[in-house]
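Residues take their numbers from the sequence shown, with the count starting at 1.
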Amino acid sequence: MRVEIWSDIACPWCYIGKARFEKGLAAFAHRDDVEVVHRSFELDPHRAKGEAGPVLEMLAKKYGRTLDEARAMEAHVASNAHSEGLEYLTDGRDHGNTFDIHRLLHLAKERGRQNELLDLAYKANFAEERSVFDAETLVTLAVEAGLDEAEARGVLADETAYADAVRADEREAAELGANSVPFFVLDRRYGVSGGQPAEVFTQALEQAWQGRVLQPVGAAADAEACGPDGCEVPPRD
């Protein structure tokens, strides 16, 4: 059975959702028969390449909040991350265009190192003060994931490399009705949206395996997610 996961490196709920999915998969009896494929989704595709800025300032501007309120929003996400055993910096991170990261992830997929690069990119973005919007950082992460340095540099230097693959993933997401991430498609029949609890993923895997109807693609129960308009945030008090 194949599970496809649409996500973006800039999405904190994708970072958290991946950890929860993996816990749910670990509890699934047929986990060794599941192929997991990560697909591309850009939350901010119109942001200029190389234009990166502080996350807190971006959040404050996007939601019309103060910087203190933006910090509180990040603290809410950090609490969820910490509950899954993930590190999460609430300050000092930046935000930018993720197209190059997705192109490198397609190279990594061809070389059998996609999951390794994805984990390293998430950790660099959310848990370390390493900008994933810097080409040299991306090359370093690619090498750490087991990719050839020259090949990784070649992909980044050629803006057409894997560009069609990224766009194809994004078209598929639109066709499936996915307008936020993370978005999980099980066996091309069932869909689960958002960073659901691990047990929800286990149940979804079991029901998909057995062929029972879980939920139509695009109609999963509400859970925290990120979309073009931003990520789920707690309401004002």
Side-chain angles (χ1 to χ4, degrees), residues 1-25 28 34-47 62-63 77 80 84 95-106 108-109 114-115 117-119 121-122 125-126 132 162-209 211-233:
M1 183 170 68
R2 172 179 284 196
V3 176
E4 297 162 279
I5 307 173
W6 274 263
S7 59
D8 193 5
I9 293 298
C11 166
W13 294 112
C14 296
Y15 174 50
I16 295 167
K18 183 177 187 294
R20 291 174 175 172
F21 170 77
E22 289 173 348
K23 289 179 180 178
L25 178 62
F28 178 52
V34 176
E35 176 192 12
V36 179
V37 177
H38 295 278
R39 300 207 177 276
S40 303
F41 190 106
E42 293 175 274
L43 289 171
D44 197 359
H46 303 297
R47 191 180 185 97
K62 180 181 284 290
Y63 296 109
V77 180
N80 279 267
E84 302 302 330
H95 178 78
N97 183 286
T98 57
F99 191 61
D100 281 350
I101 305 171
H102 286 298
R103 294 195 300 115
L104 269 184
L105 284 165
H106 276 279
K109 178 184 174 184
Q114 188 185 50
N115 193 63
L117 180 56
L118 186 60
D119 280 342
Y122 274 140
N125 189 43
F126 292 109
V132 295
Y162 299 100
D164 288 345
V166 175
R167 298 304 183 211
D169 279 355
E170 293 173 337
R171 283 195 300 273
E172 278 197 88
E175 290 167 2
L176 291 168
N179 54 21
S180 64
V181 286
F183 187 71
F184 303 78
V185 176
L186 289 69
D187 212 23
R188 279 293 164 128
R189 291 184 294 171
Y190 312 119
V192 179
S193 295
Q196 302 279 355
E199 57 269 21
V200 171
F201 287 118
T202 302
Q203 180 187 29
L205 289 162
E206 290 171 348
Q207 293 184 337
W209 184 268
R212 296 199 300 257
V213 174
L214 172 62
Q215 297 172 41
V217 168
D222 291 339
E224 290 95 344
C226 296
D229 295 328
C231 300
E232 298 287 344
V233 297

Next on the checklist: For a 4.5 angstrom cut-off between non-hydrogen side-chain atoms, does L205 reach V3?
Outcome noted: yes

Checklist outcome for this item: Residues N97 and D100: closest non-hydrogen pair is OD1-N, 4.4 Å

Next on the checklist: Is the ring pair F21/F201 parallel, tilted or perpendicular, if the boundaries are 30 and 60 degrees?
Outcome noted: perpendicular

Item to check | Side-chain donor-acceptor contact under 3.5 Å, D169 with H102 | outcome: no

Checklist entry - Taking side chain as C-beta onward, heavy atoms only, is V37 less than 4.5 Å from R2? => result yes

Checklist entry - Should R167 and D164 count as an ion pair when the cut-off is N to O under 4.0 Å? => result no

Checklist entry - So do E224 and I16 actually touch side chain to side chain, heavy atoms under 4.5 Å? => result no

Item to check | Spatial distance of atom CE (M1) from atom CG (L186) [nearest 0.5 Å] | outcome: 5.5 Å

Checklist entry - How close do L104 and L117 get, heavy atom to heavy atom, and via which atoms? => result O-CD2, 3.8 Å

Checklist entry - Relative to each other, are the rings of W209 and F28 parallel, tilted or perpendicular (30° and 60° limits)? => result perpendicular

Checklist entry - Is E22 close to N115 at the side-chain level, that is, under 4.5 Å between some pair of heavy atoms? => result yes

Checklist entry - Rounded to the nearest 0.5 Å, how far does CD1 of I9 lie from CG of L43? => result 10.5 Å

Checklist entry - Can we say E42 and R47 salt-bridge, meaning some charged N sits less than 4.0 Å from an Asp/Glu carboxylate O? => result no

Checklist entry - Under 4.5 Å between any side-chain heavy atoms of V36 and K18, yes or no? => result no

Checklist entry - Under a 4.5 Å cut-off applied to non-hydrogen side-chain atoms, are E172 and W6 in contact? => result yes

Next on the checklist: So D44 and H95, do their side chains get closer than 4.5 Å, heavy atoms only?
Outcome noted: yes

Item to check | Electrostatic pair R171:E175 at N-O distance under 4.0 angstrom | outcome: no

Checklist outcome for this item: Note: G17 and F184 closest approach over all heavy atoms is O-CZ, 4.0 Å

Item to check | Backbone N/O of R189 and side chain of D187: donor-acceptor pair under 3.5 Å | outcome: no

Item to check | Minimum heavy-atom distance C14-D8, with the two atoms named | outcome: SG-N, 3.6 Å

Next on the checklist: Please report the interatomic distance OH(Y122) to SG(C11), rounded to the nearest 0.5 Å.
Outcome noted: 6.5 Å

Checklist entry - Should V77 and Y15 count as side-chain neighbours, where that means a heavy-atom distance under 4.5 Å? => result no

Checklist entry - Do we see a donor-acceptor contact under 3.5 Å between the side chains of H38 and S7? => result no

Next on the checklist: Nearest 0.5 Å, please: how far is CZ in R103 from NE2 in H106?
Outcome noted: 10.5 Å

Checklist entry - Is there a donor-acceptor pair closer than 3.5 Å between any side-chain N or O of R20 and the backbone N or O of E84? => result no

Item to check | Closest approach of A10 to T98 (non-hydrogen atoms, all atoms of both residues) | outcome: CB-CG2, 4.0 Å

